[in-house]
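Reading through the structure tokens given below for one structure.
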There are 2 protein chains.
Amino acid sequence: MNQYNNHFIESLNLDKCNSCPVSTISFCTILDEHGLEEFSAMSTTKIYSDSELIFTEGKVNQYVGSIIEGIVKIYKLLDDGRQQIVSLAFPGDLLGNIIDPEYSYFAEAIGQCKICFYQVSRINNFAESNPLIYRSILTKTNEQLSDARDWLLLLGRKSAKEKIASFLLLLADRNNAKSTQPRFKIPLKRQEIADFLGLTIETVSRNFSNFKNQQIIREQVGHMVTIVDFNLLKSIS
Amino acid sequence: MNQYNNHFIESLNLDKCNSCPVSTISFCTILDEHGLEEFSAMSTTKIYSDSELIFTEGKVNQYVGSIIEGIVKIYKLLDDGRQQIVSLAFPGDLLGNIIDPEYSYFAEAIGQCKICFYQVSRINNFAESNPLIYRSILTKTNEQLSDARDWLLLLGRKSAKEKIASFLLLLADRNNAKSTQPRFKIPLKRQEIADFLGLTIETVSRNFSNFKNQQIIREQVGHMVTIVDFNLLKSIS
DNA sequence: TGTCTAATTTGACTAAAATCAAACTTAGCT
DNA sequence: AGCTAAGTTTGATTTTAGTCAAATTAGACA
């Protein structure tokens, strides 16, 4: 009876991971079936609605999350309210880290998000017997560092026009848009784009208008955008 | 005879680490004596003179390094030559990573540098029996990510004046200057400061002049600087 | 110490993006 | 469908930092 019960729970957990849409790209993908069994039992899935705060700067770092669905913006604030988005996290991306004592940024859901959480302390315990999880987290962290450094180049050295072009290409890439005229939804409001690119909302709007006038992009209702001249956008970026 | 010989070699390697000035802050600090013995045998120390290239973007990622002495600038370039320094690496900092197939930036010595190198492939092999090295590298990578994100906020949202103030405080911090009027050498040329802060050399120069005129800092020959009004500089940043 | 070059500073002017303000559009709600 | 608030666009103007040019200073080396 107890035996059956245990088996039932474990298989439930594994089912959860087996049916997980990011199981092949999340940091847990490195685990074998045995590790995953133990690991999945530690996870809690939570759904956030648009604009809900996930992490708050300065709070104790208790959880890391793996994004299952949706997009999360990671941002920092100056005292006077100026905001800079330092990362956009997509499905499969890791939220937070297992090292720092506190969160050093805010994380907020853009649209509805589904996130799989783990307690930092439990991951660290788990890693004692499954140290490969460190390599997996390192791989994700390394990607984030690489992205952050690309963005440093953009913020420090690119013009507004180049920034907008780079932003559009980033979104096309994250949407795996393979077409020569990729079409996707821009998940950010103009103000958020401005906070991502280190610009003002007016500059963003003007540059979008220019691209539309020059037929480089088309914009439909609901922030759907089509990149008409991909190569031109690439050369601008 | 053979026995003595082995012992001699091993103790030489360990001596090298025992006398290493960054042994308590480098990523190898996590290793116990046994691990260190094996690890130290894999290392090669190299000295670079000012402006020497250490890594080149696009080249195969063969080595990671731990800085023993000196400062290294990590930078990226746009096609037209615009440059952005994405990181300044100090003694104890890790250069490169063990994940990517290629370097994605340039690394260049600022002044004379002493660097302890390891082959990426050998670190990965070593980690199979010493997986804690992953955690140690993760910790260093995580620091770099945190620094990069602080810099994203600076580049995206701070004014030239605020950038210069932040830069001076960063240097004071890296020099462990505990005094109320910290004094240290600015290791970068004006052009490099500009490339670090996303500014032009003229803007950097003008803002330094302003700070000097307002008696917030003093500058002596040889780029030695004294922060006269630390609190004011902090509030500006 | 003097000479030469590189680095830095300063000035005048320009350009890019920010600010301020208003009009217009979209999306959600009753 | 009409109302409302939020979001976006556009225009006029200002500000900041960039550009171009020249003068000055610092550093390396004979």
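Each chain gets a letter, A, B and so on, in the order its sequence line appears, and its residues count up from 1.
- Rounded to whole Å, the distance from CD1 on B/Ile186 to P on D/dA26 is 15 Å.
- In this structure, a donor-acceptor pair under 3.5 Å is present between the side chains of A/Ser49 and A/Glu52.
- Backbone-only engagement by A/Lys212 is indicated by non-hydrogen atom pairs under 4.0 Å involving sugar-phosphate atoms exclusively.
- Each of B/Ser209 and B/Lys189 was matched to the nucleotide of DNA chain C holding its nearest heavy atom; the match closer to the 5' end belongs to B/Lys189.
- Ion pairing between B/Arg157 and A/Asp80 fails under the 4.0 Å rule for side-chain N and carboxylate O.
- A salt bridge is defined here as a Lys NZ or Arg NE, NH1 or NH2 lying under 4.0 Å from an Asp or Glu carboxylate O, and B/Asp150 with A/Lys76 meets this definition.
- Distance NZ (B/Lys185) to P (D/dA26): 15 Å, rounded to an integer number of Å.
- Residue B/Thr200 has no polar side-chain atom (N or O) positioned under 4.0 Å from OP1 or OP2 of D/dA17.
- Between B/Lys161 atom NZ and D/dG18 atom P there is a gap of 16 Å when expressed in whole angstrom units.
- Remark: C1' of D/dT9 and CD1 of A/Ile193 are 13 Å apart, rounded to the nearest angstrom.
- Distance CD1 (A/Ile201) to C1' (D/dA6): 10 Å, rounded to an integer number of Å.
- Remark: P of D/dT24 and CD of B/Glu219 are 20 Å apart, rounded to the nearest angstrom.
- In this structure, the side chain of B/Thr141 engages the main chain of B/Ile137 through a donor-acceptor pair within 3.5 Å.
- Bracketed by its first and final contacts, the part of DNA chain C lying under 4.0 Å from non-hydrogen atoms of chain A reaches from C/dA17 to C/dA27 in 5' to 3' order.
- For D/dT10, the OP1/OP2 oxygens have no side-chain nitrogen or oxygen of A/Ser205 closer than 4.0 Å.
- Between A/Arg190 and A/Glu219 there is a salt bridge, with a side-chain nitrogen of the basic residue lying less than 4.0 Å from a carboxylate oxygen of the acidic one.
- In terms of heavy-atom proximity, B/Tyr103 sits nearest to B/Val60 at CE1-O, 3.3 Å.
- The residue among A/Ala160 and A/Gly222 whose nearest nucleotide of DNA chain C is located toward the 5' end is A/Ala160.
- When atom types are taken as modelled, the side chain of A/Ser26 and the backbone of A/Ser23 share no donor-acceptor pair closer than 3.5 angstrom.
- The nearest whole Å value for the distance from the CD atom in A/Gln191 to the P atom in D/dT9 is 13 Å.
- At the phosphate of D/dT9, OP1 or OP2 sits under 4.0 Å from a side-chain N or O atom of A/Arg190.
- In this structure, NZ of A/Lys158 is placed 17 Å from P of D/dG18, rounded to the nearest angstrom.
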